[in-house]
> 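What follows is a structure written as structure tokens; I'll ask about it next.
The basis for the numbers below is simple: all heavy atoms, side chains too, and nothing from hydrogens, waters or symmetry mates. Just so it is clear, the model here is predicted, and its values are computed rather than measured.
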Amino acid sequence: MQLVWFRNDLRLADNPALHAACASGEAVKALVCLTPAQWAEHHESPARQALWQRRLEWLEARLQAADIELIRLNLQRFADCPAAITRLVQEQGASALHFNYEYPLNERHRDRAVCEALDAEGVTALGYHGDLIVAPGQVLTGQGTPFKVFTPFSKAWLKRLLQDDHAPLPSPIKAEAASCAETLQPSESASEAGEQVGFSGTVSCVGARAARDAAYPVSDEALHACLQAFVREQEPDYQRLRDFPSRHATSGLSPALTIGALSARQCLAVLKAAHEDDRWQQSTWLNELVWREFYRHLLVAFPELSRLTPFRPETEARITWQDNERLFEAWKQGETGFPIVDAAMKQLLATGWMHNRLRMIVASFLTKLLRVDWRKGEAFFMSQLIDGDFASNLGGWQWSASTGADAAPYFRIFNPQLQSERFDPNGEFLAEWLPELRQLEPKARHKPGAGQRYGRPAPIIDYKQARQAALDDYNGEA
DNA sequence: AGTGTATTCGC
DNA sequence: CGAATACAC
């Protein structure tokens with residue numbers, strides 16, 4: 001008997017670990033380790049945990065139909081895994097354990113300890129790079145070193161991609177009868193989406209509204225319909241429309257990617273299939289998937305990143321973080337008095353999801369204007385996001401704080417009002433999340449007047465002063 | 001994946 | 001005098 005250990009790879013197709021176990025010809029059982037104390041330490045959000053559980057139930061039903069039992073080990077922390085899995089392997093008489101790698105350091109330590117424990121029992125434990133399109137270590141500079149800058153990485157990544165066939169692995173489990181297929185809600189589902197790359201996984205089907213209703217679909221039928229619909233109908237306009245939060249022009253597949261209900265490789269396959277020529281290679285949406293790959297490759301090449309150390313410590317040494325709990329609290333609650341920041345935070349609090357353009361705006365606001373340590377923002381995002389993904393979130397926050405690989409220069413400070421006017425020109429997004437502002441003319445919503453506040457708080461900082469203070473601090477003039 | 005300010009251009 | 005451009009931060 002062989003075991004497949006499912007983690008954030010809750011899928012049947014394009015799953016190398018499941019594929020290998022089934023290919024052995026032996027009986028197969030599936031395993032999950034429930035480690036709520038560890039998830040809490042990782043600030044994993046309730047929304048993400050609920051999505052993972054729902055998808056697990058879907059997966060369990062499919063596995064059962066193929067006579068694959070799902071075994072749940074109720075543990076607390078990753079450190080409990082080696083002993084519990086060893087005991088299980090002995091009880092079940094398993095000959096091998098298969099799993100797909102996860103790249104944060106705690107996960108890698110967990111997996112190494114499990115491998116060593118099983119090795120001592122004479123049981124084979126095998127890992128696979130099922131989470132990535134191109135495996136870590138496969139994209140290197142001419143000197144054989146890892147890339148630290150995105151643009152050359154992406155060129156080398158594409159070149160490496162084209163050297164191999166990256167067709168997704170088929171599901172080793174026969175398709176089920178359509179009876180348990182989720183039905184897609186008409187019209188809304190495919191268009192409400194968003195994807196995240198800077199800060200999170202990348203893709204979901206239903207955006208904001210659905211998250212609030214716990215209505216992100218978890219069946220393959222629904223997820224693949226969403227992916228197909230996005231690539232066919234929205235991806236062509238993705239570059240033009242993605243930065244406007246009110247347009248719902250992103251894929252919204254990030255929660256599914258983050259828990260591995262969909263793989264990046266499956267996304268790529270659908271994108272390629274939609275093109276008869278090579279133009280898919282220029283897709284801006286593909287570029288977002290490459291960001292996801294980049295941040296995972298970095299995490300493998302520079303394991304210390306997992307300890308929340310700045311990628312470039314010399315940059316962070318020049319920053320004095322302010323430990324102002326009042327300002328941090330205002331940011332968390334969406335009560336800063338800056339409409340675009342507050343609307344974005346309200347969207348996050350209400351739905352567990354935030355448009356990526358807005359993630360950049362609120363992260364710049366927190367790190368540059370409030371000068372709150374980026375690690376506080378990183379942890380808060382993880383605690384709220386339904387698509388919380390350690391590598392992407394970490395990469396996004398370090399990019400925003402200008403401490404990361406290929407980060408924004410420190411002086412790149414977003415002006416919240418200009419960003420609002422540029423990316424929500426008609427004030428529609430503001431009106432959706434700050435209903436008090438609906439009484440204002442669209443153009444006036446970006447900056448409520450000095451006297452009348454229309455039910456919104458006064459700005460907690462003076463933008464010009466805060467911007468100058470950040471620059472002065474960084475330049476050593478403080 | 002930016003902003004602020006000075007300078008120049010064009011009417 | 002607004003738009004385009006240049007450049008510093």
Side-chain angles (χ1 to χ4, degrees), chain A residues 147-155 157 194-202 238-245 247 249-251 254 282-295 298 310-312 314-320 338 340-341 344 354-371 374 377-378 381 389 391-425 446-447 459 461-478:
Chain A
F147 284 98
K148 298 175 180 177
V149 178
F150 176 74
T151 305
F153 172 88
S154 66
K155 291 201 172 88
W157 181 90
E195 104 215 20
Q196 262 4 284
V197 166
F199 289 83
S200 209
T202 301
Y238 179 78
Q239 179 164 32
R240 189 169 61 88
L241 300 178
R242 64 178 179 140
D243 268 324
F244 299 94
R247 299 300 295 262
T250 57
S251 76
S254 54
Q282 269 67 253
S283 164
T284 302
W285 185 60
L286 174 63
N287 202 52
E288 300 301 311
L289 290 172
V290 181
W291 274 102
R292 181 181 186 277
E293 302 264 315
F294 178 56
Y295 284 137
L298 277 180
F311 191 82
R312 292 184 302 155
E314 72 283 4
T315 50
E316 191 162 1
R318 297 174 64 179
I319 305 168
T320 37
F338 289 80
I340 192 66
V341 173
M354 191 196 290
H355 187 280
N356 196 51
R357 163 61 51 184
L358 303 174
R359 297 189 198 202
M360 296 193 287
I361 294 172
V362 303
S364 174
F365 189 85
L366 186 73
T367 58
K368 301 282 175 73
L369 298 178
L370 302 186
R371 286 201 278 158
W374 62 268
E378 187 270 344
F381 262 31
D389 179 283
S392 298
N393 192 46
L394 190 67
W397 276 96
Q398 288 220 40
W399 182 87
S400 291
S402 301
T403 64
D406 198 18
Y410 188 79
F411 50 75
R412 192 175 287 173
I413 298 170
F414 286 55
N415 178 325
Q417 189 186 331
L418 283 185
Q419 290 283 314
S420 186
E421 287 165 350
R422 191 175 307 161
F423 297 113
D424 189 30
H446 308 290
K447 190 182 196 298
I461 50 150
D462 178 82
Y463 169 72
K464 276 191 143 180
Q465 278 179 18
R467 176 179 184 277
Q468 200 52 52
L471 292 171
D472 289 348
D473 176 53
Y474 190 75
N475 293 318
E477 292 160 35

> Taking salt bridge (charged side-chain N to carboxylate O under 4.0 Å, His left out) as the test, write out the residues that go with A:Arg412, two or more places apart.
none

> Counting only side-chain N and O atoms of A:Gln468, is one of them less than 4.0 Å from OP1 or OP2 of C:dC9?
no

> Got a sec, which residues hit ring pair (Phe, Tyr, Trp, His ring centres under 6.0 Å) with A:Phe150, two or more places apart in sequence or on another chain?
A:Trp291, A:Phe294

> The test is side chain to side chain contact (heavy atoms under 4.5 Å, CB included); show your working for A:Asp406 and A:Phe153 and say whether it passes.
CA-CA 11 Å; A:Asp406 198 18; A:Phe153 172 88; over 6 Å; no

> Within the structure, does a side-chain N or O atom of A:Arg422 lie under 4.0 Å from either OP1 or OP2 of B:dT3?
yes

> Does OP1 or OP2 of C:dC9 have a side-chain N or O of A:Arg318 closer than 4.0 Å?
no

> Applying side chain to side chain donor-acceptor pair (under 3.5 Å) to A:Lys447 and A:Ser420, what does each step give before you reach the verdict?
CA-CA 9 Å; A:Lys447 190 182 196 298; A:Ser420 186; over 6 Å; no

> Just so I know, are the side chains of A:Arg357 and A:Phe414 near enough to count as touching, which here means a heavy-atom distance under 4.5 Å?
yes

> Please step through side chain to side chain contact (heavy atoms under 4.5 Å, CB included) for the pair A:Ile340 and A:Gln417, ending with a clear verdict.
CA-CA 7 Å; A:Ile340 192 66; A:Gln417 189 186 331; over 6 Å; no

> A:Glu421 CD to B:dG2 C1': how many Å, rounded?
15 Å

> Give the rounded distance in Å between these two atoms: CD of A:Gln417 and P of B:dT3.
11 Å

> Rounded to the nearest angstrom, tell me the gap between atom OH in A:Tyr474 and atom C1' in C:dC9.
11 Å

> Could you list the protein-to-nucleotides 4-6 of chain B atom pairs, N/O on both sides, closer than 3.5 Å?
unit_1: B:dG4; atom_1: OP1; unit_2: A:Asn415; atom_2: ND2; d: 3.2
unit_1: B:dG4; atom_1: OP1; unit_2: A:Tyr463; atom_2: OH; d: 3.4

> Whole angstrom is fine here: how far is it from CZ in A:Phe411 over to P in C:dC9?
9 Å

